[in-house]
Amino acid sequence: MIALEARPEASRALALASPALAIVLTLLASAALIAALGRDPLSALHVYFVSPFLDGYSRAEILVKATPLALMGAGLAISFRANVWNIGAAGQYTLGALAAGAVALAAPEARSALWLAPYLAAGVAGGMLWAAAPALLRTRFGANEILVSLMLTYVAGLLLDWLVRGPWRSPLSFGFPQSRDFAEAFVLPVILDGTRLHVGAPAALLIAAALALLMARTLRGFSVRVIGASPRAGAFAGFGESGTVWFALLLSGGLAGLAGAIEVGAVIGKIQPDIGASAGFTAIIVAFLGRLNPLGAVLGALVLAVSVIGGENAQILLKLPKNVTGVFQGMLLFFLLACDVLIRWRVVWRRKGAA
Amino acid sequence: MTLESASAPPGRTGEPLLDVRGVSKRFGAVTAVDDVTFSIRAGERHALLGENGAGKSTVVKMIYGSLQPTAGGFAWRGEPVSIASPAAARAMGVGMVHQHFSVFEALTVAENVALALPREPMAALARRIREVSASYGLAIDPERSMHALSVGEKQRVEIIRCLLQQPKLLIMDEPTSVLTPQEAEALFVVLRRLSDEGCAVLYISHRLEEVRALCSAATILRRGSVVARCDPREMTARALAEAMIGAGVGAVERTPAPAPGPVRLALRGLTLPASDPFGMALRDVSLEARGGEVLAVAGVAGEGQSELFAALSGEARSAASMVEIDGRPAGALGPTARRLLGAAFAPEERNGHAAVGEMRLSENLALSHHAVAGLARGGALGRLLGGWIDWRAARAWSARVREAFDVRGGGEDPQARSLSGGNLQKFVIGREILREPGVLVVNQPTWGVDAGAAAAIRTALVRLARAGAAVVVVSQDLDEIFEIADRIAVMRRGALAPAAPTAEMTAERLGVLMGGADAAEAAA
């Protein structure tokens, strides 16, 4: 009989090895899944996980896809560390995109790059506003932030849908639900010619590094870690729990809003029904893959970005449905959480009947 | 139950039911229970008496199969048995009503009971619950939701759940700690009736009057060993208290109390409602602790000590004037502001309250010192980030604490959880003492700590007081109180009796004050 036995001390080696083990298990399970779909598993895995690296444009695309994932993953990592479970980054991303989009659509003639400041600020504010609702409801009424933030995602999606089909629909779109194109000023500068790689990518890396510093070196970061580990010890230290809830939600919401603003500005250039908000859910996997460390989330974002690009390639080359990518991501989180059990517990064999 | 027990031998002098034979239990280096032997007869109401930490719970957990003895064993009706799990204990005929029972609030009474029993139709079970409930006067409606019940009613459900399993031995762990006096009386009627029917009752308590009224045999534990076996009905409360606490307690030498210094910590009519259903409301608590003295707050568990500690540390806020630190109103302030006024605190629970297990000692030092030791600097980052933490300074502080208080444990800066209980306790107390606070409040400073560490901690507390600080020690350990306190106040039901000099307190009077005889009568 297999049993789990508590380790005297959490294993540091396994805390780092767990993501690698989870990735290996995901690859094995994916291979089995692809074989079941009647494709050659080896060539499929090649398309998924190797082809994205084969040319310069694809390599740049990995960074483009990783940018919003890294921004959101880093924010969620801190939120989860505080034991605040913001599951609604997708909604906060949408609101960020909408708030920034409102600025962009209000200034169709904008030329100066200075316009990016209010544009990005609006994105952050939009994300924070959407995250403020679960923060207020949890700190005032004890409402569960998981449910509130998750449900607000659907509200955000419907708001987006209404705007692009109603007030914001472009007169030149032949009835398609999409806004006018943003003015030149709102498109983030490309930093590598011939690709879509924009300044958002290095900015995300800088932000993640700053957040890692915040967690390690500032009193605020310390209080987040203490309250996440033990609310009672936090109260003894004099750290207010509701302040931490607000901080965690506003920070992760603001970063999700920023990610939304950057994505519609740099990559899409307008508001349309699909603005890639589902990345808000992928970012949950990113945060866990990065061991709830903001810089780790950057690595996690790169791994997930590879699978997204690989998924697009597989759609074209192998005619595999797009949903297979989602299955991969789900399996990755599943295996990751399962492997994390090994950090605190070890597997032992016991004879049946022994106590 | 009724049919089964009717055929069981009636009366209180039945044959031996459970023999506890030389049972010991060690946790690492600590021996919690040492060679305990006693016997419970069928139909007997047997008390297991002892102070907190005497080993009562450990003994009971072994009988109920949730802990395994390190040495010794049990015999059931004369046959040696090993009790591998609570399920095995239940199968044998042992039922247990825990002090804090775990129930599913959202389910009904019948559903909660069903979870503990072999599968049977709900309607039949509800009928059986009604039968037992009517037969024992334990009024309860099986269809009601658990969350709508009072604590006393929930306890009735637990008892009914045990009775449905037709126990031969019912263990009651401090059952009256959650009951009103009227509810307790009703419970005693049920327990008497049960034992008349042949079911033995093992009654865990430190309330002497209850035990004298209810039980016909008692085993008294002290520091893990049996110190007396007696018939509590033939003993005075004084004799029981002395047996529990140990003779010669008053003979411990103490440094003479100094001339009274200024009042450094004052409580003025502190009144706070209970924050949770098992909590205790604080009722008009007044107290003055002076510089130079060690003032002990004595009392059995759960009489409001945790609530008092929270109100003193600032984890619970009151009206500003209810708490004064060095003459300044502090009731409305949080822990950090109170520390800046010169107060320091050390909670009872090491893991998860005084310290975070997965954090390093330097981080745990910052827990209570981030403001007072100037560890967080640089206002430039603004209030949002609280400043940069100087981890090098935190490590230096932590190293000083470890050196001054001989905190042993692996490595340069180990995780708190890797330290032994005694070493971690020395760290969390030493952390506060090294700051040389004007006021120190500690809750259970030597709980679960070996004798050497306990002596070191007590010495440090007295030394701090003699240097001019007011030291308030909340403790359930009477040895400790007699060893270090200059004055003693007893906490009971959320109220605090006026403090009296230790010289005027005898173990008996203290035991009676704590154990539940009328406080006014005992003080007279």
Side-chain angles (χ1 to χ4, degrees), chain A residues 3 6-12 14-15 78 81-83 124 128 142 210-244 246-251 254 291-292 340 343-344 350-355, chain B residues 65-68 82-85 87-88 309-310 313-316 333-340 345-347 349-359 363-364 366-372 375-378 381-391 394 410 414-418 428:
Chain A
R7 292 177 191 275
E9 207 167 336
S11 163
R12 297 195 132 202
L14 272 169
I78 290 178
R81 267 294 189 90
N83 242 335
V124 171
M128 280 186 170
L211 291 176
L213 197 63
L214 174 135
M215 287 301 279
R217 291 291 313 277
T218 69
L219 189 63
R220 170 60 73 182
F222 181 58
S223 71
V224 165
R225 289 191 285 133
V226 170
I227 286 181
S230 164
R232 264 189 103 193
F236 170 67
F239 303 140
E241 194 176 359
S242 63
T244 301
W246 275 101
F247 176 78
L249 278 164
L250 290 186
L251 180 80
R291 312 282 75 196
L292 302 188
D340 279 355
I343 297 171
R344 295 290 295 272
R350 272 192 201 142
R351 247 177 298 147
K352 214 167 175 183
Chain B
S66 48
L67 281 179
Q68 299 304 312
S82 85
I83 309 168
S85 65
F309 181 85
S313 73
E315 288 160 83
L333 301 177
T336 303
R338 293 188 196 197
R339 288 190 182 108
L340 289 170
F345 316 98
E349 183 65 47
R350 290 185 281 276
N351 288 309
H353 195 184
V356 180
E358 54 262 47
M359 287 192 164
E363 293 174 295
N364 275 300
L367 214 55
S368 65
H369 282 50
H370 55 85
V372 288
L375 294 179
R377 292 207 214 103
L381 273 166
R383 281 189 59 204
L384 184 67
L385 301 185
W388 297 101
I389 293 186
D390 184 348
W391 287 117
Q415 286 185 358
R417 76 156 91 237
S418 73
V428 300

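Remember, predicted model here, so these are calculated numbers, not experimental data. Quick note on labels: first sequence line is chain A, next is B, and so on, each numbered from 1.
When B:Gly314, B:Ala355, B:Pro347, B:Gly352 are compared by the number of non-hydrogen pairs under 4.5 Å with chain A, B:Gly352 comes out ahead. For the set B:Glu358, B:Arg338, B:His369, B:Met359, the count of heavy-atom pairs under 4.5 angstrom toward chain A peaks at B:Met359.
With rounding to the nearest 0.5 Å, the separation of CD in B:Glu349 from CZ in A:Arg232 is 6.5 Å.
Pairing each heavy atom of B:His370 with each of A:Leu219, the nearest pair is CB-CD1, 3.6 Å. Across all their heavy atoms, A:Ala233 and B:Val356 have their closest contact at CB-CG2, 3.6 Å. Heavy-atom minimum distance, A:Ala235 versus B:Pro335: O-CG, 3.4 Å. Contact between B:Thr336 and A:Gly238 at its shortest, heavy atoms only, is OG1-CA, 3.7 Å.
Interface residue B:Arg339: only side-chain heavy atoms are found under 4.5 Å from chain A. Contact annotation for B:Ala366: both backbone and side-chain heavy atoms come within less than 4.5 Å of a heavy atom of chain A.
Relative to the ring axis of A:Phe236, B:Arg350 does not place its NZ or CZ within 45° and under 6.0 Å from the centre.
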